[in-house]
Each structure stands twice: as structure tokens, then as C-alpha cells.
Amino acid sequence: MAGVPQPVEKDPSFPALEERVLERWREHDVFRESIRRRAGAEPWVFYEGPPTANGPPGSHHVLARVFKDIFPRYQTMLGRYVERKGGWDCHGLPVELAVEKELGFTQKDDIERYGIAEFNARCREKVFSHVEDWNRLTERIAYWIDLDDAYRTMDAAYIESVWWALKTIWEKGLLYEGFKVVPYCPRDQVTLSSHELGQPGAYRDVEDPSVYVRLPVTKPVGPLAEGDELLVWTTTPWTLVSNAAVAVDPDLAYVRAREDDRVVVVAEALLDDVLGDAEHEVLARFPGREIEGAGYEPPFDFIPAEAYGPRGHTVLLGDFVTTEAGTGLVHTAIAFGEDDFRLGEQYGLTVVNPVRLDGTYDERIGPYAGRGVKDADTDLVEDLRARGRLLRAESYLHSYPHCWRCGTPLLYYAKPSWYIATTKIRDRLLAANESVTWYPEHVKHGRFGKWLENNVDWALSRERYWGTPLPVWRCPEGHVHTVGSFDELEELSGVRIEDPHRPYVDDVGFPCPHCGQRAERVPEVIDVWFDSGSMPFAQWHAPHENADVFQARFPADYICEALDQTRGWFYSLLAVSTLLFDRSSFKTVLCLGLILDEQGRKMSKSLGNVVDPWDVLDRYGADAFRWYFLTAAQPWDGYRLNLEKIGESVRLFLLPLWNTYSFYVLYARANDVAEARAGGETDLDRWALSRLADTVEFVRERMDDYDATNAGRALAALLDDLSNWYVRRSRRRFWDGDEAAFATLHTCLVTISQLLAPFCPFVADEIYGNLDGTEPSVHLTDFPVPGERDEQLEADMAVARVAVRLGLAARGQAKMKLRQPLHAAVVAAEAGERAAIERLSDLVREELNVKELRFVSAADELGSLEVKPNYRVLGPRFGKDMPIVALAVAGLDPAHVARALRDGEPLPISVGGHDHELGPDDLITATKPLEGYEVEREGSHAVALELGLDDGLRREGLAREVVHAVQAARRDAGLDVSDRIALRLGGDDALLDAARAHEAYVMGETLARTVGYDLDGAGEPARIEGMELRVAVERVAG
RNA sequence: GGGCGAUUAGCUCAGUCGGUUAGAGCGCUUCUCUGAUAAGGAAGAGGUCCCAGGUUCGAGUCCUGGAUCGCCCA
């Protein structure tokens, strides 16, 4: 113990307190010391998912950081060695876009004109533009992470490790360049990865044209005749200019149908949908395969059939045709759709792409050259209509992907791109996922598992500037070399690279080892998710350095991010480590839900409903913010962020905690208690310690299962028991300096400070420091181990508290003030309950302010007994006959049942002609209150009050009123709780008589050295039951 | 269109193995206690457990279908 504790503020400002604690932590380097103390212990590994510091942190970052913090703290207190290396995600398009915006760039060309070196230098600065905000917030919310030694994905060493990973993947034959149709943003001129399509706001509901186009047959086959019109449907008219073919399903039924004077070809199932009410007549019915090879006139003649090869502008067979929408004949533009592209590959069609990288048509599209393709939709449709080639044009509301950064609608566009063949290791990804424990559990085989099952190859390359350069060199002969280290590059080229970023690395070439021609680096950089997914080894520059350090810290025991990282970091971490090491890089992952505003809407700048974390921190403090996130809900369910609720955290948890603590300190100081010794404990003490042991056990069990929510709620329940029952019932012992009481409360508070340390690290440390202080900080102590429990006592106390509750309710019903003593409370209880209440009768009597407790043997003496079947027991036994049993039980005589139960005799009943016996567990008894008594009942429990008063009781009640008035006067006079007084009373004789009759009691309660009854017209007036009392108090020497 | 999750009091949330009067906190009304407490205690008001079927002696809980919301995918 730390000696007599220092005085405690009555009305603390938690934010100010936290600043002081922070100062102490800085002074004593507590965070680092907490790790140093565990040096040599078994590591418990946490990986920090790196944020980007190019914008200020928001409330959702506080949420993530609170959950990233609490379990490492807990594990450290359990004795594990928990390094926490920070990290920053540096590369990527968001940074580039921010710089572009600053420089006023509108096109990608602007960057090249400006110079890549200068542009990237600006990106390098920009990426840490808000790092001070982040550092400040991180410290303020007590997220203990090592930011001084944080990894940064843009550092040369980090990049070199990523190169190693890519080379390893290349050597496994899993890195390839493919020509694929990809979602492409013409504004940013970048290909988007599937993760980026998953960014919020990517899919938006938009209206696009929906057009049905007539394609007259020029070269009929099978059932077709020249001039028949193939009907195709598209929502992207701009792709019609490069129509290459029409796809039909070989087995699907198609029809030739007469419509006015024309003959159209359409899938039978869609005939009515397409032609609608227009009169039509089916001329022929045939499977799609019969018209394979038919030639037709394209919608536009900008590009001749020959350009696509021999199969251009003919009918082809595809397996992707659906009858859910459209016509069953699919317009195919090879460059602009994934199915289209595959079909083209299958039939050997030449890719013709008349759209430039900036999203405009090139010169091949005559009058439309230079126009943005989406803008041209309307004119193209009008053109078709003018030429009689349009069956119908409508608009179509559907969800379409947009660039998540700039909002431009994406084009599906055939482009060469570098891929990692993750589909080849899909089974290994699924196997790796099996080894991971997910919170919540359903993500494992739900959202994340499903994502893995539908895995597509990882589109790795980006045609951008600020990123890890793809370490692939290629010579004019097409020989590819992947470089895994700077040494390797130096050996090949003779150049030692200092900064591996573009454009410097672009200048490094070397003679191709195969053919001797100069190999140049391909221009792409890589997806930033590969950067962050590489952090398990790249943060240590492994394997080039620290290979052993990496090995010792792989895989992570725990990672934690928001649920939106399912397709982001969670995936890239798993994919990279499975590619390289065939196992998951994390064992446990906690997913966090979204933060919504009070109306359940997403927080966004445009709605103006963003909660600035600093507002919360300045007003309520970090402990309150943390406690709210940790206990308000299961973290994956998300939060409706509510400032009132955070205030409630203070009012309902932190303040009662503080008040209990401050109560202890107040009386420890008043009694000069430095080191209270255990011994002489009461049942109440033993109960408090048992509840403490119970809570320690429960908190450990929950925290081991990453359940901070229920651990925290249990802690709050313990505090409530302590504050509103233990202290409430023990006050006199603290006034009297009872050592066992001090020792008990001290143990409870110090243990609570340790249990609370991972949750609310500030207030926990403050309390620990003042009450114990063996260590410089609570965060350097070991997490409490459960002491001995007395479950019988806990159960007994629960029963006694029910009796108290019933008694108080009875008082309330009778409108009988608690200050008025009563002769007796009559308690009806079963034998076990009676024993419990008798054991704790002092507590019950004092709390109810009655002279005596009287017991009656059964509740039926206070009301008529009711007998009910115990469904839980009887249900399984009687099944379908249960309603008959219930009837039989209702027909039993309650008095007879009560006797039989008391005597332990079985009760016979008859069900369906068979006799059965019911035992005590088969029945539940309850009392019905009788008229005219003040009885409260609950189950088999009932408490009645004897309301009759005699003069003695009445005088005692008045004496207590007098004491109350004197206490008020003491408080008004600003006296300290331990000040002694000279008391003078005056006023109504009945009151003075009562005070005289109980003079010792009055003096004792009010710490009066002397009492006089001579106060005439002076002193503070008070009214008691219509009578006047005058009170004067004067401090006298102790 | 598909997947995952959610829906319980005005608000925020519990609700165990299916067991018969569905709970807590906040807020509201009334009373009460106070020698730490902006706290505590008692009473009251407040419920279509999203809806509809089904299984069962018995469903907030299990099954099927649907609605709404959120997230993810297409």
C-alpha cells in the first residue's frame, strides 16, 4: 500500500485528469516499460493494419484503435510479450488524387508533363500531411503503439521486401500478364481492382438507355432468310460501334416471328417481352445452334467485318446467354465485356478497340471521334432510329459501378494487366481461412468464405506513379525478368538504386540474360493492397534482414479492422501469406461494424453528421469514449454514435466508480488508514470479495474470448454491487474506522483498477496510483487472478436482497417513510431462503429499518398459495399430455400441496388413466396476496410489514428526522465529515422530546460533543411533519 | 439478381438448452433515501418480440416464405 491516500477531487474533470495521467506516462515511459518488463516472455503478436495519414482521423478510427488497444494491453498484463509496431500505408491513388487536385490537374497527361519525380516527391509529403493529427489522437485515446519505429510502405526497405514477395510468386508461376476486360476509369485512367469496386459508393443506381436493335441478316443459314432481323439488346449503346458478333445459346429455343412486314429473330421465352402487345406470328422455331455462322449487317459501319477476322459480324455460340432480360441474342463487343472477350478468344476474333484511354472515340469512329463514349449514347440511338434500325429505346434503372474516388462511371475495357493467379490457390486460401478464428463467427464461412470461393485472379498492376514499382523487366524479345532485391538489380544493371520509386527505377535497364537486348522495366506500379498485405515480413525488411525476427512474429495472434476490410486488408494479408507460406498470417480477427449517426445514417461530410472525435475527447474524455465503444454493443453490430450515450458512460460508470473511490479516500484519510489489515471480515466483506473473485474469473474468460463487451458489462455490474450495496450497507464501519471494511474495499478498488486498465487506462491508473502504487503504473502490473469464491454466500445475499426489495416495495405501497422505524417485517420464505435471510438478517433489518424479522414457515400464511406446474421439468416427461397435467395440478388443493412438499411426500396425480407422482421439483408455488396486508411477493418469497406504531417508535422516527435536519445543517455550514460540533436545538416540544429520548444516538450520528435545547427563535429553521425545529451547529475542537 | 447480417418498450440494448407474467439502462410521472454520489431505492406509464405460415404439449428463441434496413457481391 501507498500509505494514506492523497485527497481526491469531488467533481473530477476526466479530460483534465487524463492529460495529467498522460504526462505521467510520458515521464516514466510507461508504454515501453510495459513491454520491456515482458522481455523474454512468450510473444503475443499483434499486426497493425496501416492507415493512410493523408486525411484527419475520424470517430471510426477511434473505434478501431480502441479495439486494437484493449487486447494487447490485456495480454501484456497476462504476462505476454506484446510488441506493437505501428505502420503507415503510403502509396496509392487517393494520395495521387489529392496532389493532382492541389496542382489543378485534370488529366493524367498533366502529371507526365509536370514530371514524375516532382509529382512523387509531392506525394511523399502529402501522405503524411495529417500525421500530427494522427499521432496526437493516438496518444490522447491511449492507443499504445510504437509510432517511432513504425513501418512505412514507401520506404526502400519495405519495397525491397515486397519485390522479394513478387519474385517468389513469379517463380511459383503465379504472376502473369493477361489481356483482360477490366473496370476502367477514363477520368483517372486507371484500372480498378475488385477491392476498389467494393469501396463504398462504387455501385450507384443510374439510368442507362435500354435499346433493342435490329440487325438484318445478310448471309442466312439454316432457317433464316435474308432480311430477317436479329434483335439484340444493350444498355451501353456506345459499344455498338464496335459490335463484332452476336452470341446465341446453342440449346435455347429461338423463333422467327412476323411483326408487321418484318421478320425478327428472338429467343422464344422472350418473344412476348420484346414485342409486347404488337401483333406477331411465329414462323419457325429452332435451337440457337442452327443459326451459327449467319452473317448480318452491323449496327454501325465504322469498322468493317474483316477487322475482326473471318468470323466478324456473324452469329456465334456462347454459354453466357440468359433469358432473364434482353432478347436471347447478345450483342458482343470484344473489347468491352468479359463474356464478350472470352467469346472473342474462343473464336479467334481480333480485338478492335476504338476507344482511347481517356474514354473518347478514336478517328475510326468518324463523326464521333473525340467524343466521350457515354456522351455519345443519345446521338447513336437517334442515328439508329433514323435508319430504322431501332425496335425500341427505353431507359433502364440499374446499379452500375463508378470510380470510388472521382465518381466517373467505369468502362469495361480490354487492357493488358498483370495478375496473380490466386484462382490456382483457391483451395489453399480456403484451407488457410479454416485456421482463422473470426469474430463474429459468421464472417468466416459467410462473407469472407464466400468471397474466397468466388475468387478471381488478383489484378495487381496499376498504370500510375506513386506506388511500389512492379519489379518486372522485359526485353524487346519478350523475355521477362522479375527482380527480388536491390542487390540483384545492381548485379544485373550495375546501378545501385537509392529510391526504388518511379521515375528513378524506370531509368534502370540491363542486358537480357537470354538475348542480350536491353530489358526495361514495365511501367506499372502495384495495387496498394499488396503493399499492406506484405506487412508481416516487409515491416521487418525480411527476408533481406531480420528473417529471425519475422519468423518469431508470424503469424499474428490478433488483428482487428472494420468489416469493410473483408475484401481489403483481411484478404490481401491472407492471400499474400498463402501465396508465399501456404498459411494464414493471422489466427484471430475481430471485425468492427460501421459507425452511423443517431438516425442510423452513414456519417458523411455532405450530410454534416460527422462526429469529430476531438469534440468527444474534450467534453467527456478518452475513457468515456473507450468505455462507450467497448460496452455499448457488440462491436460488429455497429454503433449509432450518440453523444448522450457517451455522457451516460460517464454518469453511470465513471462517476460512480470515482465516487466509490473518493468515498474510500475520504474516510481512509479521516481515519488515517494507511494499511488496513484483513481479518474480522463480515459476511458482507466476504460477499464483496466473492463477487470480486467471480468477476475476475468472468472478465478473464470473456477477454480470452475477445469479448470486451460482456467483460466490461460484468465490471459495471460489480461496481454497482459495490457502490449500491456493499458501501451503502457498510458506511458506519467506515465512519468507525473498521479495518476489515477498509481492507475489503481497498482490495476491491485496486483489483477493479487492474481489471479496468485495458478498458479505461486513465482512470484505472489514477485509482491504482493513489491506492496502491507498488508499481509506477497499473499497466505494469499482472492481471488479477480470481480469489476464492463463496457461492453459497453469493446466493444467500441475492435472496436477502430480494427480501429487501420486497420490503421496500411494501413500504412504498404503504407510504411509510424509511426513516420511521417499524416493529417487524414478516418474511415468508422456503427453508433455504429463510436460512439465507436469517444469516444476513442484520443487513435486512437495517435496510428496512425494522426492529425485528419474523419468519413464517410458508408464504401461504401471508396470502393464499398458488401451485403451478414446472413446465421445464414436466414438459419433457409428459409431452403431449402436458395440458392434462396442467389441469390436474390446477385441481390440487394448495394447502395439501404445501404440506406434502414440506414433508417431502410425493403427490399423486392421474393422467389419462395412469397414476404418476410429482415431487418438489415438479411444482412451483407462489403466493397470492391477501386483502388488507402490505405484502409484496416474488415467487415463493413474500415480505409483509407490521405498520402499527407506538409512541416509542414514533419518537425514534422523529429523532431520526432531527438527525437528518442536523446533517443538513452541518452540510450547509460547510463542515467536514469528521468535524465535531456543539449542537443546539429549539422548536416544537415533540421534536425536542424525541431528541432527548435518543440523545446518545443523535449526538453519535451528528458528531455532537454537546447538545443544548435552549435555542429560541435562533438557528436554522426546519419543518418536520408540520412541526418546527431550529438547529444551530458550531464546530468545536476534536 | 445473389450472399451475409439485423429487426424485442419513445431511445440504447440483454434475453442461456424452446418452458408459459419478455427484462435492464436512459427518458417521463409520483414517492423515497442520502454522513461519497449529477448517484441509489420503490411505484406507475410504456411491448403486434417486423409480418405470415409451419414444427411442438409449449416459439421472442427452431423451420419456410415475405417485408424493411445495413453491408458485400453481380
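To find a chain, count down the sequence lines: A is the first, B the second, and so on, and within it residues start at 1.
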Exercise. Indicate whether OP1 or OP2 belonging to B:C57 is found under 4.0 Å from a side-chain N or O atom of A:Lys880.
Key: yes
Exercise. Could you check whether A:Leu808 gets within reach of a base, just the sugar-phosphate, or nothing at all, counting any heavy atom under 4.0 Å?
Key: sugar-phosphate
Exercise. Quick one: label A:Glu1005 by what it contacts on the DNA or RNA (base, sugar-phosphate, nothing), any heavy atom closer than 4.0 Å.
Key: base
Quiz prompt | P gap between B:G18 and B:U37, integer Å | solution = 48 Å
Exercise. Give A:Asp720 one of three labels, base, sugar-phosphate or nothing, depending on what nucleic acid heavy atoms sit under 4.0 Å from its own.
Key: nothing
Self-check item: N or O in side chain of A:Arg872 less than 4.0 angstrom from B:G18 OP1/OP2
Solution: no
Self-check item: Span that lies between the P atom of B:C63 and that of B:G19, in whole angstrom
Solution: 15 Å
Self-check item: Pairing nucleotide - B:C31, Watson-Crick or G-U, each distance under 3.5 Å
Solution: B:G41
Quiz prompt | Residue-phosphate contact under 4.0 Å: A:His964 side-chain N/O, B:C33 OP1/OP2 | solution = no
Exercise. Send over the distance from A:Phe698 CZ to B:A14 C1', rounded to a whole Å.
Key: 12 Å
Exercise. Sort out the partner of B:A14 for me: Watson-Crick or G-U wobble, both distances under 3.5 Å, none otherwise.
Key: none
Quiz prompt | B:C4 - base-pair partner by Watson-Crick or wobble geometry, distances under 3.5 Å | solution = B:G70
Exercise. Assign A:Arg713 to base, sugar-phosphate, or nothing according to its heavy-atom contacts below 4.0 angstrom with the strands shown.
Key: sugar-phosphate
Self-check item: Nearest to side-chain heavy atoms of A:Lys645, which nucleotide of B:A36, B:G25, B:U20
Solution: B:G25
Practice problem: Could you tell me how the ring of A:Trp438 sits relative to the ring of A:Phe448: parallel (under 30°), tilted (30 to 60°) or perpendicular (over 60°)? | Solution: tilted
Quiz item: With sugar-phosphate meaning primed atoms plus P, OP1 and OP2, does A:Gly1004 contact a base, only sugar-phosphate, or nothing at under 4.0 Å between heavy atoms?
Solution: base
Quiz item: Which part of the nucleic acid does A:Gln820 contact within heavy-atom distance under 4.0 Å: base, sugar-phosphate only, or nothing?
Solution: nothing
Exercise. May I ask you to decide whether A:Asp623 forms a salt bridge with A:Arg626, counting only side-chain N to carboxylate O separations under 4.0 Å?
Key: no
Quiz item: Atom NZ of A:Lys10 to atom P of B:G35: distance rounded to whole Å?
Solution: 11 Å
Quiz item: Rounded to the nearest Å, what distance is computed from the CG atom of residue A:Leu452 to the P atom of nucleotide B:C72?
Solution: 17 Å
Self-check item: Nearest-nucleotide pick for A:His442, side chain only, options being B:A36, B:G5, B:A39
Solution: B:G5
Exercise. Grab the OH-P distance between A:Tyr439 and B:G5 for me, whole Å please.
Key: 18 Å
Exercise. Give A:Arg651 one of three labels, base, sugar-phosphate or nothing, depending on what nucleic acid heavy atoms sit under 4.0 Å from its own.
Key: sugar-phosphate
Practice problem: Side chain of A:Asp637 only, please: which of B:A38, B:A14, B:A36 is the nearest? | Solution: B:A14
Quiz item: Given B:U12, is OP1 or OP2 found less than 4.0 Å from the side-chain N or O atoms of A:Arg640?
Solution: yes
Quiz item: Using 30° and 60° as the class limits, which term best fits the ring planes of A:Tyr667 and A:Phe663: parallel, tilted or perpendicular?
Solution: tilted
Quiz item: Base, sugar-phosphate, or nothing: which does A:Pro869 touch, judged by heavy atoms less than 4.0 Å apart?
Solution: nothing
Practice problem: Scan A:Arg971 against the nucleic acid and name what it touches under 4.0 Å (heavy atoms): base, sugar-phosphate only, or nothing. | Solution: sugar-phosphate
Quiz prompt | C1' gap between B:G46 and B:G10, integer Å | solution = 8 Å
Quiz item: With sugar-phosphate meaning primed atoms plus P, OP1 and OP2, does A:Val727 contact a base, only sugar-phosphate, or nothing at under 4.0 Å between heavy atoms?
Solution: base
Quiz item: Below 4.0 angstrom, N of the basic side chain to O of the carboxylate: do A:Asp736 and A:Arg733 qualify?
Solution: no
Quiz prompt | Value in whole Å for how far the C1' atom of B:G40 lies from CG of A:Leu719 | solution = 12 Å
Self-check item: Check: A:Asn455/A:Tyr571 side-chain N/O donor and acceptor closer than 3.5 Å
Solution: yes
Practice problem: Give one of base, sugar-phosphate or nothing for A:Asp881, where a contact means two heavy atoms less than 4.0 Å apart. | Solution: nothing
Self-check item: Chi angles and distances behind the side-chain contact (heavy atoms from CB on, under 4.5 Å) call for A:Gln967, A:Thr1006
Solution: CA-CA 7 Å; A:Gln967 301 296 14; A:Thr1006 61; 4.1 Å; yes
Self-check item: B:U48 and B:A43, which share atom name P, separated by this distance in whole Å
Solution: 23 Å
Practice problem: Determine the contact category for A:Lys817: base if any of its heavy atoms lies under 4.0 Å from a base atom, sugar-phosphate if only primed atoms, P, OP1 or OP2 are that close, otherwise nothing. | Solution: sugar-phosphate
Quiz item: Between A:Asp922 (side chain) and A:Leu874 (backbone), is there a donor-acceptor pair under 3.5 Å?
Solution: no
Quiz item: Is it true that atom CZ of A:Arg1035 has more than 12 heavy atoms of other residues, nucleotides or ligands lying nearer than 6.0 Å?
Solution: no
Exercise. On the 0 to 90° scale, with breaks at 30° and 60°, tag the A:Tyr664-A:His746 ring pair as parallel, tilted or perpendicular.
Key: tilted
Quiz item: Could you state the CZ-C1' distance from A:Phe878 to B:G18, rounded to the nearest angstrom?
Solution: 19 Å
Quiz item: Could you give the CG-to-C1' distance, from A:Asn454 to B:G2, as a whole number of Å?
Solution: 10 Å
Exercise. Could you work out the separation of B:U64 and B:C13 based on their P atoms and round it to a whole Å?
Key: 27 Å
Quiz item: Is A:Leu652 touching bases, backbone alone, or none of the nucleic acid, heavy atoms closer than 4.0 Å?
Solution: sugar-phosphate
Practice problem: For A:Leu655 and for A:Trp735, find the nucleotide of RNA chain B with the closest heavy atom, then tell me which residue's nucleotide is more 5'. | Solution: A:Trp735
Quiz item: Taking any strand in view, what nucleotide pairs with B:G19 in a Watson-Crick or G-U wobble way, both distances under 3.5 Å?
Solution: B:C57
Quiz item: For atom C1', what is the distance between B:U8 and B:C51, given to the nearest Å?
Solution: 15 Å
Exercise. Starting from P on B:A6, measure out to OH on A:Tyr639 and report it in whole angstrom.
Key: 16 Å
Self-check item: Between B:C49 and B:G3 - P atom distance, rounded Å
Solution: 28 Å
Self-check item: Ionic contact status for A:Glu1034 with A:Arg1009, cut-off 4.0 Å
Solution: no
Quiz item: Starting at the 5' end of RNA chain B, which residue's closest nucleotide do you reach first, A:Arg819 or A:Gly879?
Solution: A:Arg819
Quiz item: In the strands shown, is B:G65 matched to any nucleotide by a Watson-Crick or G-U wobble pair with both distances under 3.5 Å, and which?
Solution: B:C51
Practice problem: Using a 4.0 Å heavy-atom cut-off across all strands, classify A:Glu648 as base, sugar-phosphate, or nothing. | Solution: sugar-phosphate
Quiz item: If only side-chain N and O atoms of A:Arg447 are considered, is one of them under 4.0 Å from the OP1 or OP2 phosphate oxygen of B:G5?
Solution: no
Quiz item: What interatomic distance, in whole Å, is found between C1' of B:G15 and the corresponding atom of B:A39?
Solution: 27 Å
Quiz item: If you check every side-chain atom of A:Arg960, which of B:A42, B:A36, B:U34 has the closest atom?
Solution: B:U34
Quiz prompt | Side-chain N or O of A:Tyr667 closer than 4.0 Å to phosphate OP1/OP2 of B:G35 | solution = no
